[in-house]
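Taking it in order: structure first as structure tokens, then the write-up.
All residue numbers refer to positions in the sequence shown, counting from 1.
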Amino acid sequence: MKQDQILDTYDVIVVGGGHAGCEATAAAANTGSKVLLITMNMGTIAQMSCNPAMGGVAKGQIVREIDAMGGYSGIVSDQTAIQFRMLNMSKGPAMWSPRVQSDRLDFANTWRLKLEQTPNVDFWQDTVSGLVVKNNRVEGVKTSLGITVKAKTVVLTNGTFLNGLIHVGEKNFGGGRAGERNSTGITEELIQLGFDHGRMKTGTPPRVDARTLDFNKMVEQKGDEKPSKFSFLPQTKPLTKQRSCYITYTNTRVHDILNSGLDRSPMFSGSIEGTGPRYCPSIEEKIERFSDRDRHQIFVEPEGWNTVEIYVNGFSTSLPMDIQIKAIKEIKGFESVKLFRPGYAIEYDYFPPTQLTHTLETKLVANLFFAGQINGTTGYEEAAAQGLMAGLNASLKAQEKESIILGRDQAYIGVLIDDLITKGTKEPYRMFTSRAEYRILLRQDNADVRLTELSNKIGLADDSRLELVENKIKSTDEIIDYLNKASISPEEVNPYLEEMGSAPIRQKVKLSAIFKRPQVSIEEASLKVDSITKTTSKYAKDVLEQAEIRLKYDGYIKREKEMADKLTKLESIRLRPDFDYHGLKSISSEAKEKLSKIKPSNIGQASRISGVSPSDISVLLIHFGR
């Protein structure tokens, strides 16, 4: 047997074993495709390269959506969590965002075991150095060992490894992340195929020894008193014990030391060409951009249950090591700190995502899909979401089935992908709730209701998941119907209302009217009002929460649904990819250029392209007979 024929032919090859690669592999395999995951190092599958946490504002919603679709990120996060917090609870439910602090080693190990236990998945440790492309169609990959592996589809999830360059002060060296080499060859081949590319930058803080910190000088940040979890499945359980994080602050002494090293900073000397993340800047960028501030918050995060390694969140830096050490010792609680390793910045290649379709397939090369940081995003959650959708669509295409696209009114995942391919990005893209125009519809609590039935139809979410969702919907409708019909008397409920600082009632009212009040909670009332307890005690906590949100926010939900329905009408007006926009005399020159480049699939997508005005859209509507 020839060396280049030692591996089988696959439906899907996934290149890269990070968060995008893992979800892509799982999604493709669980929809019946034969999958090969090729990674440079089997020991670093699902590595948490930056902070040891999953979720957060908008990101937590994405993890719940991945779980609702049948992905693994939520399950693995629950199984390896050391702390859980629901963020933004003082705001409306559209803003509630789950977040876990994770055990870094356990997270990666659990992900690997999940993939090893998934049927249809093979593994190969090697570096992919090129693609096999014929007639603008990918047919496989080439590796550094001289092996050619054939496949119907290929998903690239290369993370920060494409021509990765690590910077620490005035020193720089090739690498995909600390202690690992970079990947070369793919960028150059994609450029030859006609792809545009660019450089981006991200960074990470020092890791330090907890035994050398004084936590008594910091503010303890505990997990939730009644922790929840990510996955909708009952197989994972909320934490019964948790590890605390801590908060401390930089000060003017820290800033002075950092400033003294800026002339040796690759960020300011011009050594780094790539654009860094606006919303997660390095500490040197913070003191430069916010020079009026005397201090910046530092989150002190443990890396696991049984390790003394600490992640210094908020102190990302690529300054010289001597400056890093001198400055960090001026932070309260860090006076005697010892470092495990310094912070660093890393530059890497990415490919502007306007070169993709909504399925994450490239426009230039058929059957080739991109997911994760290769598309210009930052964050585990954004990468995992893209991986899920790219792996799913690659699998469906390999099986000659119809692809799946999530709309902006269906999921944050839909917002993420539509933003990327329609607007592109020149800096690392990070998801925020403000990016979603329908965020009241896209809450973390109803991700299963929104997505599981859809995923079940294509074979990703299994029947047991669908049954759970159907029971949840039925129970929620049941309790809302009861609350809309049942009444309660003043003597039954007034003591509770007065305790909650809510006005007492003077006559019998419908229970639904009581629970529309902002201060009143169905869960709390069921513990304190006997007549309510009799009805609600049989329902699960998530059902009570869902019912309460629907009652309180019914008007807002209906209004957003109406707006989403209007958008759907525009999305239904299809545009041909080969349509000649330069032949339309009535649209602007900028619109002709942007529409010709991005090739939107429908009027709705066209309307979101920067530079395409409402009057341009009116011309398109008239031209297409609407």
Flag for Asn172-Tyr344: side-chain donor and acceptor within less than 3.5 Å
no

Which pair of non-hydrogen atoms, one from His19 and one from Gln47, has the smallest distance, and what is that distance?
NE2-O, 3.3 Å

Under a 3.5 Å cutoff, is there a donor and acceptor pairing between the side chains of Glu285 and Ser282?
yes

Ring centroid separation for Tyr412 and Phe432, is it under 6.0 angstrom?
no

Does a donor on one side chain and an acceptor on the other come within less than 3.5 Å for Asn375 and Tyr350?
no

Regarding Lys594 and Glu590, does a basic nitrogen lie under 4.0 Å from an acidic carboxylate oxygen?
yes

Going by the rule salt bridge (Lys or Arg N to Asp or Glu O under 4.0 Å), which residues pair with Arg430 if we only count those two or more places apart in sequence or in a different chain?
none

If only side-chain N and O atoms count, and only distance matters, is there a donor-acceptor pair under 3.5 Å linking Thr118 with Tyr72?
yes

Taking the six-membered ring for Trp and the full ring for Phe, Tyr or His, determine whether the centres of Tyr581 and His623 are under 6.0 Å apart.
no

So does Lys397 pair up with Glu402, basic N to acidic O under 4.0 Å?
no

Lys/Arg cation over aromatic Tyr348: Arg199, 6.0 Å, 45° cone
no

One thing to verify: whether Asp67 and Arg465 come together as a salt bridge, which I'm taking to mean a side-chain N less than 4.0 angstrom from a carboxylate O.
yes

For residues Gln399 and Ser395, is any side-chain donor paired with an opposing acceptor at under 3.5 Å?
yes

Residues that Asp418 engages under salt bridge (Lys or Arg N to Asp or Glu O under 4.0 Å), provided they are two or more places apart
Arg408, Arg608

For Lys59 and Glu382: C-alpha separation, side-chain torsions, deciding distance, then whether salt bridge (charged side-chain N to carboxylate O under 4.0 Å, His left out) applies.
CA-CA 7 Å; Lys59 293 167 173 280; Glu382 290 88 344; 2.9 Å; yes

Are Asp8 and Lys34 close enough, and set up right, to give a salt bridge (charged side-chain N to carboxylate O under 4.0 Å, His left out), and what steps lead you there?
CA-CA 10 Å; Asp8 295 340; Lys34 184 179 178 183; 3.3 Å; yes

Just checking, is any N or O donor in the side chain of Glu188 or Asn163 under 3.5 Å from an acceptor N or O on the other one?
yes

Crowding at NZ, Lys363 (>12 non-hydrogen neighbours, <6.0 Å):
yes

Side chain to side chain, Phe351 and Leu162, heavy atoms closer than 4.5 Å:
yes

Does the pair Lys561/Asp565 count as a salt bridge with the N-to-O cut at 4.0 Å?
yes

Go through the structure and list residues passing side-chain contact (heavy atoms from CB on, under 4.5 Å) with Leu193, not counting sequence neighbours.
Val133, Leu190, Phe195, Val365

Got a second to check how far Glu65's CD is from Gln410's CD, nearest 0.5 Å?
10.0 Å

If you measure only the distance, is there a donor-acceptor pair under 3.5 Å linking the side chains of Thr362 and Gln355?
no

